[in-house]
Amino acid sequence: MTEPLILTEIHGDGARRTALIRINRPKQLNALNDALMVEMGQALIGFDRDDSIGCIVITGNEKAFAAGADIAAMAKYDYMHVHQTEYITRNWETLLQVRKPVIAAVAGFALGGGCELAMMCDFIIAADNAKFGQPEIKLGIIPGAGGTQRLPRAVGKAKTMDLVLTGRMMDVQEAERSGLVSRVVPADKLLEEALAAAAAICAYSGPSLALAKACVNKAFEGGLRDGIDHERRIFHSLFATEDQKEGMDAFLNKRAPRFRQR
Ligand code: CAA
């Protein structure tokens with residue numbers, strides 16, 4: 001029997017729980033191939049539609065989040081193949097359709113497409129053994145799943161150029177210093193910390209979370225004025241929700257809010 005390419009679990013005991021997706025190609029350091037990305041995409045869309053799920057965590061194992069796109073598969077591709085099959089575009093970016101918060105819990109290698117997958121998540125919690133890089137230059141290619149665009153937005157031009165042009169890896173301290181990861185935790189606490197962050201998120205209003213995420217993403221995709229105008233419209237619209245009334249009433253009455261997801 002072949003091993004499943006991803007493993008999924010549900011964690012938590014609140015009204016909304018956390019879906020955990022584990023990348024499961026340990027022998028290949030979790031190298032990403034089309035079949036795996038299709039399965040992950042289906043799982044992501046399923047969890048995004050499931051009202052009992054409030055947050056999604058994507059992780060690998062202690063050695064690798066993912067060491068990139070599968071080089072053995074790519075070695076056989078030629079230009080017409082990648083062009084005609086819309087390699088990457090067709091099925092690697094499903095994560096970007098997910099409206100719920102998605103956390104990357106990264107231990108070990110997050111290289112090439114692995115680093116790019118982590119960057120497509122909303123934020124990265126990293127173990128103290130995590131290593132990040134875009135080593136595609138060593139293979140005679142360039143990052144192909146958003147790395148040249150998302151990495152400079154996270155760490156700036158100088159460090160991106162350094163990583164993309166030399167192909168070197170950066171350790172987790174450098175990654176945190178430069179803004180790529182939101183927190184660093186001991187490797188044996190990675191999942192615990194990521195699931196605790198997810199549980200905190202699950203307790204909040206789903207519509208507010210989805211719109212907060214969309215607004216922050218606007219900051220990466222457009223100009224400042226457009227982003228602020230967009231944020232203001234969304235901010236105003238949240239005053240039409242029951243959860244806003246509930247959240248503020250609960251604060252003023254010194255009680256825990258009971259968000260009803262509308
Ligand atoms: N694709 C396919 N197989 C991979 C892989 C990858 N990206 N990364 C590692 N593996 C495989 C190795 O071939 C090896 O398989 P065998 O045991 O069958 O030989 C196994 O995983 C273990 O790897 P190593 O023996 O190399 O382990 P190491 O600890 O010595 O080195 C490493 C670890 C530095 C991560 C090294 O494996 C490496 O450099 N991997 C390639 C990283 C890379 O170039 N990633 C970018 C890919 S291109 C891309 O991602 C394009 C894009 O933007 C979409």
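Just follow the structure's listing: the first ligand is 1, and inside any ligand the first atom is 1. The figures here come from the full heavy-atom set of this structure, side chains too, leaving out hydrogens, waters and symmetry mates. All of these numbers come straight from a predicted model, not from anything done at the bench.
The distance from ligand 1 to the heavy atoms of Pro143 drops below 4.0 Å at these ligand atoms: 53 (O). The ligand atoms of ligand 1 that sit less than 4.0 angstrom from a heavy atom of Gly112 are 46 (C), 50 (O). Those atoms of ligand 1 with a heavy atom of Leu29 less than 4.0 angstrom away are 9 (C), 21 (O), 22 (C), 23 (O), 27 (O), 33 (C), 35 (C), 37 (O). Every atom of ligand 1 is numbered from 1 in the order shown, and the set under 4.0 Å from a heavy atom of Gly113 is 49 (C), 50 (O), 52 (C), 53 (O). Ligand 1 places these atoms under 4.0 Å from at least one heavy atom of Leu139: 44 (O), 47 (C), 48 (S). With ligand atoms numbered from 1 in the order given, ligand 1 contributes 52 (C), 53 (O), 54 (C) to contacts under 4.0 Å with heavy atoms of Glu116. Ligand-side atoms of ligand 1 in range of Lys27: 20 (C), 21 (O), range being under 4.0 angstrom from any heavy atom.
Among Ala145, Ala67, Ala73, the residue whose heavy atom lies closest to atom 40 (N) of ligand 1 is Ala67. Of all the listed residues (Asn33, Leu111, Asn30, Ile71), Ile71 holds the heavy atom that lies closest to atom 2 (C) of ligand 1.
Inside a 4.0 Å radius of atom 38 (C) of ligand 1 there is not any protein heavy atom. The presence of a protein heavy atom under 4.0 Å from atom 25 (O) of ligand 1 is ruled out. Less than 4.0 angstrom separates atom 17 (O) of ligand 1 from none of the non-hydrogen atoms of the protein. When distances from atom 12 (C) of ligand 1 to the protein are checked, no heavy atom turns up under 4.0 Å. Distance check for atom 8 (N) of ligand 1: a protein heavy atom is found below 4.0 Å. Within 4.0 Å of atom 44 (O) of ligand 1, at least one protein heavy atom is present. Remark: atom 50 (O) of ligand 1 lies closer than 4.0 Å to at least one protein heavy atom. Using a 4.0 Å threshold on non-hydrogen atoms, atom 21 (O) of ligand 1 counts as touching the protein.
The environment of Arg90 atom CZ is dense: over 12 non-hydrogen atoms of other residues, nucleotides or ligands sit within 6.0 angstrom.
Side-chain contact annotation: Asp50 with Ser52, donor-acceptor N/O pair under 3.5 Å present.
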Residues Val172, Lys131; criterion side-chain contact (heavy atoms from CB on, under 4.5 Å); working and verdict: CA-CA 6 Å; Val172 80; Lys131 283 193 177 354; over 6 Å; no
Intermediate values then yes/no, side-chain contact (heavy atoms from CB on, under 4.5 Å), His230 and Arg225: CA-CA 8 Å; His230 179 78; Arg225 194 62 250 169; over 6 Å; no
side-chain contact (heavy atoms from CB on, under 4.5 Å) evaluation trace for Asn30 with Phe65: CA-CA 7 Å; Asn30 285 340; Phe65 177 74; over 6 Å; no
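Residue contacts with ligand 1 leave out Lys63, since none of its heavy atoms falls under 4.0 Å from the ligand.
Side chain of Thr59 to main chain of Ala105: a donor-acceptor pair is present (N/O by atom type, distance under 3.5 Å, no hydrogens or angles). Asp70 places no side-chain N or O within 3.5 Å of a backbone atom of Ala31 that could act as its donor or acceptor partner. Without hydrogens or angle criteria, Lys213 side chain to Asp122 main chain gives no donor-acceptor distance under 3.5 Å.
Geometrically, ligand 1 and Ala72 share no nitrogen or oxygen pair separated by less than 3.5 Å. Geometrically, ligand 1 and Gly144 share a nitrogen or oxygen pair separated by less than 3.5 Å. The distance criterion of under 3.5 Å between nitrogen or oxygen atoms is met by Glu136 with respect to ligand 1. Considering backbone and side-chain atoms together, Ala31 places no N or O closer than 3.5 Å to any N or O of ligand 1.
Looking at Met74 against ligand 1, only its side chain comes within 4.0 Å, counting heavy atoms. Heavy atoms of Pro135 found under 4.0 angstrom from ligand 1 belong exclusively to the side chain.
Using a 4.0 Å cut-off between a side-chain N of Lys or Arg and a carboxylate O of Asp or Glu, Lys218 and Asp226 do not qualify as a salt bridge. Contact check on Arg25 versus Glu3 returns no salt bridge, with no Lys/Arg side-chain nitrogen under 4.0 Å from an Asp/Glu carboxylate oxygen. Using a 4.0 Å cut-off between charged nitrogen and carboxylate oxygen, Glu174 and Arg168 count as a salt-bridge pair. Taking the charged nitrogens against the carboxylate oxygens, Glu242 and Arg258 have no contact shorter than 4.0 Å, which rules out a salt bridge.
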Side-chain donor-acceptor contacts of residues 82-89 below 3.5 Å, not counting sequence neighbours, with atom names and distances?
| residue | atom | partner | partner atom | Å |
| --- | --- | --- | --- | --- |
| Thr85 | OG1 | His81 | O | 2.7 |

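By the 4.5 Å heavy-atom criterion applied to side chains, Asp34 and Trp92 are counted as neighbours.
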